[in-house]
Amino acid sequence: MMNFMKRLSLAIIFACCTLAMAAQDGIKVKYQGATPDIVDFAWSYVTSSDGNEDEEVDESTNALRQALERYRKGQSQPEGYTITVDKKAGYILVESRQNGFTNKWEMCYWNMADKKHKLFAYCVELSENGKRSSPGQYDGLNFYRYNNATKTMSLYDAGIEVDYFNISYSLPRTGKDIIVTQWSENGKEKWQKTLKWNGSRFSY
């Protein structure tokens with residue numbers, strides 16, 4: 001019963017966060033040059049609440065923002081933090097390791113088939129001692145569709161019914177597909193599946 005209530009509480013928290021983000025008019029993406037790169041998308045996402053005093057920034061997003069800010073300023077990351085930025089592949093990975101816990105933030109983007117939009121993905125996952133079992137408070141996978149004409153990205157249904165319990169999602173640094181892994185309660189891998197990208201949505 002306690003485990004069910006914990007899962008229900010986490011589901012409610014994420015649902016509230018999703019509704020709050022969906023209520024936004026969209027996130028304006030600021031960049032220099034012909035098109036935005038992955039750092040532009042990521043920075044626009046983590047700073048989207050700037051100037052809005054009514055919107056709280058959670059601890060996870062704040063930690064990611066600080067890591068990105070250090071990267072943008074050419075500063076080194078503190079002990080326990082690593083950042084991988086691959087602009088050519090359109091991919092960012094930030095990891096924080098402290099007291100046996102690892103927070104992982106992955107971000108990437110795809111060009112959509114209509115050539116009018118791009119898809120930005122933001123994934124957060126928590127593991128303990130290398131094992132992925134119960135979700136962390138801020139775990140989640142969100143997608144935003146970027147409009148090339150308006151330079152704005154908004155929440156998008158990419159065709160994935162996301163499950164946060166004993167499931168992890170690996171965004172691609174190469175290729176375009178997402179790897180889905182299910183874990184047992186003791187942190188052992190049970191199975192893997194591939195979500196295939198067709199230019200507008202994902203499917204198994």
Side-chain angles (χ1 to χ4, degrees), residues 3-24 26-27 29 38 41-49 52 55-68 81 83-84 90-98 101-110 118-128 130-146 153-173 176-183 185 187 192-195 197 201-204:
N3 191 41
F4 171 77
M5 292 303 297
K6 179 182 178 182
R7 293 186 177 193
L8 180 61
S9 297
L10 287 168
I12 292 172
I13 289 171
F14 179 75
C16 291
C17 291
T18 301
L19 288 172
M21 288 186 289
Q24 295 179 351
I27 297 172
V29 178
I38 186 59
F41 284 119
W43 186 247
S44 297
Y45 179 85
V46 299
T47 59
S48 61
S49 62
N52 186 350
E55 186 174 343
E56 295 183 5
V57 178
D58 63 59
E59 295 175 15
S60 176
T61 303
N62 188 53
L64 173 61
R65 173 177 176 157
Q66 291 178 24
L68 287 171
Y81 274 81
I83 184 169
T84 301
Y91 175 87
I92 291 177
L93 169 63
V94 177
E95 291 183 294
S96 168
R97 297 179 177 86
Q98 296 179 3
F101 290 92
T102 299
N103 272 297
K104 182 179 77 172
W105 298 266
E106 273 190 307
M107 291 153 283
C108 65
Y109 76 89
W110 296 257
K118 294 178 175 62
L119 186 69
F120 170 72
Y122 173 79
C123 185
V124 184
E125 291 182 350
L126 174 69
S127 60
E128 182 179 3
K131 296 179 180 180
R132 168 79 176 165
S133 53
S134 298
Q137 181 179 358
Y138 302 111
D139 282 18
L141 172 62
N142 290 320
F143 295 93
Y144 292 81
R145 185 172 65 172
Y146 172 76
M153 59 182 182
S154 304
L155 275 170
Y156 179 73
D157 179 3
I160 300 176
E161 185 175 345
V162 179
D163 184 353
Y164 302 102
F165 305 109
N166 302 328
I167 297 288
S168 65
Y169 298 86
S170 296
L171 301 183
R173 182 173 179 177
K176 298 181 178 181
D177 303 328
I178 295 174
I179 302 300
V180 185
T181 306
Q182 185 179 52
W183 306 88
E185 291 293 337
Q192 275 193 348
K193 294 182 180 180
T194 300
L195 284 164
W197 170 248
R201 294 168 68 85
F202 293 92
S203 62
Y204 286 109

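- With rounding to the nearest 0.5 Å, the separation of CD in Glu125 from OH in Tyr169 is 8.5 Å.
- Annotation: side chain of Asn103 is in contact with side chain of Leu126 (closest heavy-atom distance under 4.5 Å).
- Between the side chain of Tyr45 and the main chain of Val29, no donor-acceptor pair closer than 3.5 Å is present.
- Using a 4.5 Å heavy-atom threshold, the side chains of Phe41 and Met107 count as separate.
- Under the 4.5 Å side-chain criterion, counting only non-hydrogen atoms from C-beta, Tyr122 is not in contact with Glu106.
- Under the rule for a side-chain hydrogen bond (donor to acceptor under 3.5 Å, both in side chains), Tyr156 has no partner lying at least two apart in sequence or in another chain.
- Outside the 6.0 Å centre-distance limit, the rings of Tyr109 and Tyr146 are not counted as a close aromatic pair.
- The line from OH of Tyr91 to OG1 of Thr84 is 7.0 Å long, rounded to the nearest 0.5 Å.
- Separating the CD atom in Gln192 from the OG1 atom in Thr181 is a distance of 3.5 Å, to the nearest 0.5 Å.
- Under the side-chain contact (heavy atoms from CB on, under 4.5 Å) test applied with Ile179, the options Ser170, Pro172, Ser168 reduce to a single match, Ser170.
- The structure places OG1 of Thr47 at 9.5 Å from CG of Leu68, a figure rounded to the nearest 0.5 Å.
- At a threshold of 4.5 Å between non-hydrogen side-chain atoms, the residues Gln137 and Asp58 do not count as touching.
- Taking each heavy atom of Ile83 and Ala67 in turn, the nearest pair found is CD1-O, 4.1 Å.
- A donor-acceptor pair under 3.5 Å is formed between the side chain of Arg201 and the backbone N or O of Asp157.
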Step by step, work out the side chain to side chain contact (heavy atoms under 4.5 Å, CB included) result for Asp163 and Val180. CA-CA 10 Å; Asp163 184 353; Val180 185; over 6 Å; no
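- Considering CD1 of Ile27 and CG of Leu155, their distance stands at 7.5 Å, rounded to 0.5 Å.
- Arg173 has its side chain out of reach of Leu93: every pair of non-hydrogen atoms, C-beta onward, lies at least 4.5 Å apart.
- The structure places SG of Cys108 at 6.5 Å from CD1 of Ile178, a figure rounded to the nearest 0.5 Å.
- The ring pair (Phe, Tyr, Trp, His ring centres under 6.0 Å) test applied to Trp110 returns Trp197, Phe202, not counting sequence neighbours.
- Under the side-chain hydrogen bond (donor to acceptor under 3.5 Å, both in side chains) criterion, Glu95 pairs with Arg97, sequence neighbours left out.
- For the pair Phe120 and Asn142, the minimum side-chain heavy-atom distance is 4.5 Å or more.
- In this structure the side chain of Trp183 never reaches within 4.5 angstrom of the side chain of Ile167, judged on heavy atoms.
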Going through the checks in order, is the side chain to side chain contact (heavy atoms under 4.5 Å, CB included) test met by Phe165 and Gln182? CA-CA 9 Å; Phe165 305 109; Gln182 185 179 52; over 6 Å; no
